[in-house]
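Inspection log for the structure reproduced underneath, given as structure tokens.
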Amino acid sequence: MGALAASIASHLPSGLSSAVAALAASPGEIVRRAAGLEDELRELLRLHGGRRGAAGAAEEGGGGGMTQLTRERFVRAYERLKSELLNDRAFNFDFTEETRQWVAKMMDYNVPGGKLNRGLSVVDSYMLLRQGTEVDDEDFYLACVLGWCVEWLQASALVLDDITDNAYTRRDNLCWYKLPTVGMSAINDGVLLKCHVQAIIKRYFKEKFYFLDLMELWNEIGLQTAMGQMLDLITTHTGAKDLAGYRIQGYRRIVKYKTSYYSFYLPVACALLLNGARLNDYVELKNVLIEMGVYFQIQDDYLDCFGDPEVIGKVGTDIEDYKCSWLIVQAMELANENEMKILYENYGKSDPKCVAEVKNVYRELDLQDIFLEYESRVYKHLVSTIDAEPDRAIRDILKSFLKKIYRRKK
């Protein structure tokens, strides 16, 4: 070990010292052990340097204890909201026990089963906006309520989207409509889930000064998301006639409306309104979040094809469904005459052999490497944009979003 490394190691805990010692290894050995050392160092730093207190943890998006406590409080809020909906007079007229059990089962199956990132992002964003001030239990719970509204909207979108996509699995389970006792009644369930959002917002926020702004936000996002779904369906129908119609401009338009607004902008906008802010003052923040949403969807398209179904929780069907995905858009720009012929003959067919042919073309075109290059490029751009943001709370919010999605595996 060199003198400098030895000097550093002498001032570190034993675990960190062994990590530094790895620097003395050969270049090949360093490369081989780099990934493992990164995880080891992160854990050791958490153990030996993590006594910064709650303020420091909150500054970086929460330490392990803070994050877990927030998640636990958020999850508990779901049971209360579910109970209130099942006993809400607006939804309780002539309810039989059978119908009440159906709605309860439908909510439990579709609303809380995901990663909860969208809902928790409302809470995390609100807490970052309130840095330096005390957040009482009521304000925290209201943030949880809006977070669950986002999850309810997500559930509604997924229930309906799975039907239009003829999907088979979702979140490690059969899609709701695929259950023998459900079928196409899932269409009404998807609509009902969206109606629940309006009921929840009215119950908790009708007396708030920002109630009108909140309702306008949710109505606008609902319209944008539905328009995005329509663009997706129409483009898929057009692409089934001619793949040449799949172009990056159209793809970005679909993603912007179908994914970015409700998945990235909505959680932060809810937190801003809850904190008394005017959304018109945060146009640039909105633009950055929309760009993150596009990046997120491109990741989703990549994982649909190359991700592990055991990890991502579903079997990808973009190729079979003729989807205007980022991968096919890239392939149409790069393919030669023979590769183009293979794509036209096999894209949109459910035969596993056809799917394999399409994936082979993707590999021949090095789309996996092209994706990694894109991811690196967009990450650097987003980091640069975030660093230029003068408002510390906004910087922290954007950093927390980027941290959650960068190089995600599911």
- Note on the structure: Looking only at heavy atoms, the pair that brings V294 and V255 closest together is CA-CG1, 3.6 Å
- Task: Compare every heavy atom of Y322 with every heavy atom of G348, then report the nearest pair and how far apart it is.
- Result: CA-CD1, 3.4 Å
- Going by distance alone, is a donor N or O of one side chain under 3.5 Å from an acceptor N or O of the other, for Q297 and D301? yes
- Neighbour count above 12 (heavy atom, 6.0 Å) for R253 CZ: no
- Indicate the ring-plane relationship of W152 and Y78, choosing parallel, tilted or perpendicular according to the 30° and 60° boundaries. tilted
- May I ask you to decide if the ring planes of Y261 and Y265 are parallel, tilted or perpendicular, using 30° and 60° as cut-offs? perpendicular
- Query: Do the side-chain N and O atoms of T164 and Q229 include a donor-acceptor pair separated by under 3.5 angstrom?
  - Reply: yes
- Query: If every non-hydrogen atom of C270 is compared with every non-hydrogen atom of W218, which pair is closest and at what distance?
  - Reply: SG-NE1, 3.6 Å
- Message: Would you say that more than 12 heavy atoms from the other residues, nucleotides or ligands in this model lie under 6.0 Å from the CD of E98, or not?
- Response: no
- NZ or CZ of K341 within 45° of Y344 ring axis and under 6.0 Å: no
- Message: For Y210 and N275, which I'm curious about, is there any donor-acceptor pair between the side chains at under 3.5 Å?
- Response: no
- Query: Where do L334 and L365 come nearest, in terms of heavy atoms and distance?
  - Reply: O-CD2, 3.8 Å
- Quick one: sort the Y109 and W176 rings into parallel, tilted or perpendicular, breaks at 30° and 60°. tilted
- Query: Are Q224 and Y262 linked by a side-chain donor-acceptor pair shorter than 3.5 Å?
  - Reply: no
- Message: Can you confirm if the aromatic rings of Y295 and W326 lie within a centre distance of less than 6.0 Å?
- Response: no
